[in-house]
Number of protein chains: 2
Amino acid sequence: MAGKRTGPNLSKIAEALGVSSATVSNALSGKGRVSADLVKKIRKKAGEMGYVPSRAGRALRTGRSGVLGLVLPDIGNPLFPQIAQAMERAAATNDYGVLIADSRDDVTTQTDAIGRLIERGVDGLIVIPRRGTRIGTVGCPVAMIDTPSTPGNTVSADHWQAGEQIARHLMELGHKNILLLGNDPASNVQNDRIGGMKAAFKRDISCQTLWLQPLLRKGGTAASLNLSERISQGVSAIATVSDLLALRVLTELQTAGFQVPTQVSVTGFDDLIFSPVISPALTTVRMNMSQIANIAVAALIDEINGNRDPKPKTSLQKKRTVPDTVMADTSRVPMELIIRSSTGPAPFDQTPHSNGETL
Amino acid sequence: MAGKRTGPNLSKIAEALGVSSATVSNALSGKGRVSADLVKKIRKKAGEMGYVPSRAGRALRTGRSGVLGLVLPDIGNPLFPQIAQAMERAAATNDYGVLIADSRDDVTTQTDAIGRLIERGVDGLIVIPRRGTRIGTVGCPVAMIDTPSTPGNTVSADHWQAGEQIARHLMELGHKNILLLGNDPASNVQNDRIGGMKAAFKRDISCQTLWLQPLLRKGGTAASLNLSERISQGVSAIATVSDLLALRVLTELQTAGFQVPTQVSVTGFDDLIFSPVISPALTTVRMNMSQIANIAVAALIDEINGNRDPKPKTSLQKKRTVPDTVMADTSRVPMELIIRSSTGPAPFDQTPHSNGETL
DNA sequence: CTGAAAGCGCTTACAG
DNA sequence: CTGAAAGCGCTTACAG
């Protein structure tokens with residue numbers, strides 16, 4: 001049952017119309033080598049017969065699979081749903097399919113995952129790189145979704161600018177002593193976010209940056225952050241690098257008896273699924289995933305088509321001089337600040353001990 | 001650059017060895033029609049030459065794409081990462097790829113998504129159905145991931161039994177007045193979870209079930225649940241139907257000044273990404289996704305192979321009498337209770353007003 | 001504007 | 001055990 005074509009093929013249509021299958025092919029693909037009348041007639045017939053082109057046949061002939069591969073460092077990433085959804089839509093709009101592969105947060109597995117995709121003949125690759133990974137030349141165009149500061153060819157949200165937005169929002173609320181909280185100091189994205197925040201702070205803002213993961217690695221717990229103490233020392237806002245981290249902080253503060261945002265404001269990044277529904281809802285910043293996906297997919301398709309070898313039938317392919325991963329342009333897409341109730345005015349009796357590192 | 005095979009093909013190997021490509025094919029596929037010596041020699045040569053079979057060629061010839069389609073009602077579903085990851089692994093292990101399609105929580109789009117996948121020639125479909133949807137015959141085997149109570153052919157976690165586990169856990173902690181909180185009363189999964197909990201409660205347990213979504217639809221807010229009031233009336237545990245709902249309740253309670261679990265216990269379902277890291281961490285129940293994925297993929301592959309038409313070359317396919325979606329068996333996989341700090345002993349001074357519906 | 005022919009790479013009866 | 005041949009469905013130079 002599986003497999004074995006059920007519907008008609010090109011020759012069936014050609015037969016039914018008394019024309020050649022070449023003509024049917026040309027008519028259907030709209031390359032314009034067929035008279036308008038014939039095109040219309042063929043299209044009509046194809047519709048009536050319920051013709052569905054065979055991807056396999058086309059793929060074998062053209063050497064293109066019509067499929068893009070999506071590689072994720074860790075599919076468990078809470079942003080993955082948004083990414084996958086956006087990519088699938090962008091691809092489908094361009095008549096491409098999306099094959100997935102996850103790499104379990106492991107460089108070796110990432111290589112495997114890419115290999116599996118390449119073997120399946122994907123025409124291009126979208127990769128959200130594991131931090132620190134450089135994708136070598138893989139034999140097909142690659143678009144990376146990361147940060148503009150990643151060396152290579154990327155489309156991404158403008159994490160830096162988003163950091164600035166968060167920072168300005170907090171400053172406008174009157175916060176002067178702010179704790180910046182990151183998770184992984186090796187992450188480009190997180191560094192950009194923190195960098196943007198720092199850059200936007202004025203001279204009179206006191207801020208300190210903490211990274212959670214190294215602390216945890218050294219056997220510490222989240223408690224080692226001493227949040228309560230810091231707040232009593234004057235911190236009135238905690239700006240984290242992700243909603244997950246913000247949620248962690250928020251619930252910890254609440255458990256410790258603090259009121260958010262009355263006593264402390266908390267911000268996140270990414271607008272994850274839970275962010276709008278928790279109490280208080282998270283002030284955060286959202287990326288326009290579909291825009292990013294559209295750019296990435298468009299860049300890929302451009303390259304798939306544009307860089308085609310001028311003499312496709314020559315047995316010796318001209319050695320490409322441009323690396324496969326070069327995208328037309330490194331694009332950065334602005335993020336959108338979403339103000340919700342986890343941020344509020346700085347408490348009035350704020351005592352700026354200014355014991356943090358000052359910018 | 002994209003497309004156009006780069007490596008050697010079967011004939012190249014055949015040529016290099018002075019044998020026929022048929023023999024190379026047979027040797028490589030291990031169908032056993034070739035002498036052991038030759039097989040070894042061919043395999044070696046193929047390895048040396050870096051031979052990678054062309055999926056397109058194979059697909060065209062066999063009518064099989066080697067790809068499974070994964071359809072999700074809403075890719076935004078927080079469980080999606082786990083599902084996708086598990087499916088991809090299970091498929092990859094069996095040398096299948098996974099093509100994704102989301103259906104934006106919309107029945108029409110679900111049909112479109114399935115259509116797109118079918119057009120791409122997937123050999124089988126894994127669908128997490130939108131609630132209430134029945135997938136018609138689509139021309140390829142379908143495995144549904146839902147609950148055993150869904151009419152049709154499903155693999156799933158045993159949500160009912162998981163509900164029982166949660167209920168027993170709460171009873172063991174001494175809770176006697178429990179609020180059951182669902183989101184969507186039309187969801188089979190949620191009804192199973194609630195049903196399981198109710199079934200496990202003993203006579204002396206007072207419990208009431210509330211559904212959030214209908215409330216919200218009627219313009220109510222989460223506040224309409226009157227959680228504080230219910231707690232003061234004796235509710236000592238709130239058992240929700242998902243971690244997302246549990247998180248919502250938890251943060252709301254915390255905001256209202258309640259201590260969890262000292263004053264109220266809260267439970268969820270699914271062990272979402274945030275569940276272990278919030279404070280208090282969520283007691284929940286986890287499904288073994290990879291097991292579910294393995295069963296689904298195995299069932300699909302079985303059907304793809306097993307139900308093959310006995311005479312593949314006959315132009316007239318024998319009409320199948322068995323619907324395509326029948327799976328070998330409806331399987332249910334047990335879920336695992338994960339006890340964390342959001343549940344604790346019932347408060348001592350519990351005053352069971354028993355104003356709820358009693359089982 | 002239209003058609004005949006070749007060929008993408010593979011697998012599978014079939015014959016030897 | 002091995003090979004010659006056909007054919008899956010498509011597209012693309014090429015010739016007319």
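We name chains A, B, ... by the order of the sequence lines, and we start the count at 1 in each one. Being a predicted model, the structure only gives us computed values, none of them experimental.
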Visitor: Examine D:dG9: is either OP1 or OP2 under 4.0 Å from a nitrogen or oxygen in the side chain of A:R58? Give yes or no.
Guide: no
Visitor: Quick one: does B:Y96's side chain get under 4.5 Å of B:I304's, heavy atoms only?
Guide: yes
Visitor: Rounded off to whole Å, could you give me the CG-to-C1' distance for the B:N9 and C:dC10 pair?
Guide: 9 Å
Visitor: How long is the line joining CZ of A:R64 and P of D:dG9, in whole Å?
Guide: 22 Å
Visitor: Using the side chain to side chain contact (heavy atoms under 4.5 Å, CB included) definition, which of the options A:V24, A:L28, A:T23 pairs with A:V34?
Guide: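 Going through the options one by one, the only one that passes is A:T23.
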Visitor: Would you check if the side chain of B:S331 reaches a backbone N or O of B:V155 as a donor-acceptor pair within less than 3.5 Å?
Guide: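 No, B:S331 side chain to B:V155 backbone: no donor-acceptor pair under 3.5 Å.
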Visitor: Over all strands shown, is B:A22 touching base, sugar-phosphate only, or nothing at heavy-atom distances under 4.0 angstrom?
Guide: base
Visitor: When both hydrogen-bonding distances must be under 3.5 Å and the geometry is Watson-Crick or G-U wobble, what is D:dT2 paired with, if anything?
Guide: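 With both distances under 3.5 Å, D:dT2 matches C:dA15.
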Visitor: Tell me whether the side-chain N/O atoms of B:S20 come closer than 4.0 Å to OP1 or OP2 in D:dA4.
Guide: no
Visitor: To the nearest Å, how far apart are A:E15 CD and D:dC10 P?
Guide: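 After rounding, the reported distance stands at 13 Å.
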Visitor: For the pair made of CD1 in A:I42 and P in D:dT11, what is the distance, rounded to whole Å?
Guide: 13 Å
Visitor: Can you name the one residue among A:L68, A:D123, A:I118 that meets side chain to side chain contact (heavy atoms under 4.5 Å, CB included) with A:C140?
Guide: A:I118
Visitor: In whole Å, I'd like the distance from the CG atom of A:L60 to the P atom of C:dT11.
Guide: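 So the two atoms are 12 Å apart, to the nearest Å.
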Visitor: Side chain of A:T62: nearest nucleotide among C:dC10, C:dT12, D:dT11?
Guide: D:dT11
Visitor: Do the side-chain N or O atoms of B:S35 get closer than 4.0 angstrom to the phosphate oxygens (OP1, OP2) of D:dT2?
Guide: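 Affirmative; the distance criterion is met.
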Visitor: Give one of base, sugar-phosphate or nothing for B:S54, where a contact means two heavy atoms less than 4.0 Å apart.
Guide: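 Sugar-phosphate contact only - B:S54 comes under 4.0 Å of backbone atoms but never of a base.
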Visitor: Using side-chain heavy atoms (C-beta onward) and a distance below 4.5 Å, is B:N94 in contact with B:V297?
Guide: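 Sidechains of B:V297 and B:N94: in contact.
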Visitor: Figure out the CG/P separation between A:L17 and C:dC1, and round it to whole Å.
Guide: 18 Å
Visitor: Rounding to a whole Å, what distance do you find between A:L10:CG and C:dA5:P?
Guide: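 So the CG-P distance, A:L10 to C:dA5, works out to 18 Å.
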Visitor: So if I take every side-chain heavy atom of A:S21 and compare against D:dT11, C:dG9, D:dG3, which nucleotide ends up nearest?
Guide: D:dT11
Visitor: To the nearest Å, how far apart are A:D37 CG and C:dT2 P?
Guide: 9 Å
Visitor: Between B:T23 and B:G57, just flag the one whose closest nucleotide in DNA chain D comes earlier from the 5' side.
Guide: B:T23
Visitor: If you check the B:R61 side chain, which of D:dG9, C:dC10, C:dT2 turns out closest?
Guide: C:dC10
